[in-house]
Amino acid sequence: MNPVTSSAMLTADPWPPIVALLIGALLFGLAPLMLARLWAWKFSPAKPGKQKNAIYECGLESTGDAWIQFKASYYLYAIIFLIFDVEAVFLLPFAVAFTGLSVGACVAMLVFLLLLVEGLVWACRKGVLTWS
Amino acid sequence: MEENLQQLKTELSKHGIFTTTFEELYNWGRKNSVWPLTFGLACCAIEMIATTMARYDLARFGAEVFRASPRQADLIIVSGTVTKKMAPQVVRLYNQMPEPKYVIAMGACAISGGPFRNGYNVLKGIDRYIPVDVHIPGCPPRPEALIDAFMTLQKKIAAQQLTGEDRPRHLHPELPSEFPVPDYGEHGLEPTVNAEVWNPLKVIQ
């Protein structure tokens with residue numbers, strides 16, 4: 001590309017090509033949908049039905065109601081697991097660097113551990129860990 | 001008129017000019033992208049699976065995309081014994097497929113109940129409830145037979161008209177797209193046949 005055209009491209013308004021691409025993208029998506037609608041109108045009539053519009057599609061009829069209560073107590077297990085999972089990630093570098101650590105760093109880590117253990121004790125006393 | 005057009009077409013093709021009609025183009029596209037439903041009932045399903053694999057390679061006919069949902073399928077291959085308990089599910093799956101849809105009854109069981117015909121719980125042919133396009137005999141039919149059925153179905157699709165009174169069911173606004181699902185009652189399926197679909201050959205003596 002010679003310098004004259006590239007500088008002309010830099011100074012030209014950048015929006016027209018973007019608008020053209022946008023229109024092209026919209027048409028790319030919408031044109032098949034409109035063609036399909038046109039096809040249905042001209043040749044192939046829509047034939048909706050009770051079973052065709054049913055939600056479930058494995059051949060069996062759905063039974064019962066989808067609006068039921070799910071037992072949510074498992075989420076506390078999940079959260080506690082997640083916290084101690086993250087703690088393990090911190091414990092490994094702590095153990096590796098233990099001999100080279102200053103007293104301040106050690107105390108900070110122990111406070112961190114204490115906070116988590118406190119949370120575990122709280123969860124235990126609240127009865128979260130007993131499944132009912 | 002029709003003959004003249006055909007002559008013109010062959011004449012043009014001799015000079016390297018390819019002509020087609022809208023209908024032909026449409027049917028050409030449809031017949032080369034028949035997507036079957038992932039649906040196996042019995043031992044015939046094993047042959048159906050073999051047909052899709054590398055040795056027999058159903059992909060050559062554009063029909064390798066077995067869809068796991070009836071919403072995306074054009075073809076249901078009833079591959080095996082249809083028990084009376086399963087029949088409502090087969091009909092319901094067929095109902096849930098979008099038009100145009102086709103049925104291949106694969107094997108003796110799907111056609112007539114086959115060796116299990118006298119079983120108390122075996123449906124004597126799926127064509128009692130849904131319109132079958134191609135029947136394949138055999139127990140089970142070899143993959144070649146299923147491929148032959150595919151090619152027969154492709155010929156059938158290619159011959160379908162877009163307009164006129166002879167156009168297929170899915171283009172008629174008043175003809176049904178759903179068929180009544182039989183109930184599994186105390187004494188088998190109720191009703192025992194869908195009279196609108198089932199047209200057995202009558203023996204005239």
Side-chain angles (χ1 to χ4, degrees), chain A residues 16-82 85-86 131, chain B residues 21-23 25-27 29-30 37-41 67-74 76 78 82-83 85-101 126 129-130 157 160-164 166-184:
Chain A
I18 291 176
V19 170
L21 281 175
L22 183 71
I23 291 170
L26 280 176
L27 281 180
F28 189 78
L30 289 177
L33 290 176
M34 287 188 315
L35 278 176
R37 185 54 67 90
L38 198 69
W39 185 269
W41 170 75
K42 183 83 180 76
F43 295 110
S44 186
K47 290 180 182 176
K50 198 161 166 275
Q51 282 162 25
K52 227 175 182 180
N53 294 344
I55 299 163
Y56 206 43
E57 55 189 34
C58 81
L60 296 166
E61 274 181 310
S62 53
T63 54
D65 195 3
W67 292 88
I68 54 166
Q69 275 193 330
F70 286 95
K71 207 170 156 85
S73 56
Y74 182 70
Y75 90 99
L76 278 171
Y77 275 100
I79 286 177
I80 292 169
F81 166 75
L82 196 73
D85 205 33
V86 173
W131 188 263
Chain B
T21 60
F22 201 40
E23 187 180 280
L25 191 69
Y26 173 61
N27 285 341
R30 280 192 321 131
L37 184 65
T38 314
F39 182 69
L41 282 175
R67 305 310 295 187
S69 162
R71 317 269 191 223
Q72 301 163 354
D74 311 301
I76 181 168
V78 184
V82 187
T83 58
K85 203 158 189 180
M86 193 63 190
Q89 274 68 258
V90 179
V91 178
R92 205 172 282 120
L93 279 174
Y94 178 74
N95 285 345
Q96 287 178 342
M97 283 159 63
E99 294 277 10
K101 50 190 173 185
I126 192 63
Y129 292 111
I130 53 178
I157 293 172
Q160 285 187 335
Q161 296 175 351
L162 259 183
T163 51
D166 292 338
R167 65 192 192 276
R169 190 191 70 240
H170 71 275
L171 299 177
H172 271 288
E174 66 275 6
L175 291 182
S177 174
E178 286 191 359
F179 292 85
V181 178
D183 281 320
Y184 187 68

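Residue numbers begin at 1 in each chain, while the letters A, B, ... track the order of the sequences. Everything quoted here is computed from the prediction, not taken from an experiment.
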Looking at A/Cys58, is its backbone amide N or carbonyl O close enough to the side chain of B/Arg92 to form a donor-acceptor pair, meaning the two atoms are under 3.5 Å apart? no
With a 3.5 Å distance limit and no angle check, can you tell me whether A/Lys47 reaches the backbone of B/Glu178 through a side-chain donor-acceptor pair? no
Under 4.5 Å to a heavy atom of chain A? For B/Pro100 that would be neither
Is the number of heavy atoms from other residues, nucleotides or ligands within 6.0 Å of CD (B/Gln161) greater than 12? yes
Interface moiety of B/Met97 toward chain A, non-hydrogen atoms closer than 4.5 Å: backbone
So, for B/Arg71 and A/Ile55, which heavy atoms are closest and what is the spacing to 0.1 Å? NH2-O, 3.7 Å
So, taking the atom named CD in A/Glu61 and the one named CD in B/Gln89, what distance separates them when rounded to the nearest 0.5 Å? 8.5 Å
Shortest non-hydrogen contact between A/Phe43 and B/Thr163, atoms and distance: CE2-CG2, 3.8 Å
Specify which of B/Tyr94, B/Phe22, B/Phe39 makes the most heavy-atom pairs with chain A at under 4.5 Å. B/Phe22
Are B/Asn95 and A/Lys52 close enough that some pair of their side-chain heavy atoms sits under 4.5 Å apart? no
When every non-hydrogen atom of A/Pro45 is compared with those of B/Leu171, the smallest separation belongs to CD-O, 3.6 Å
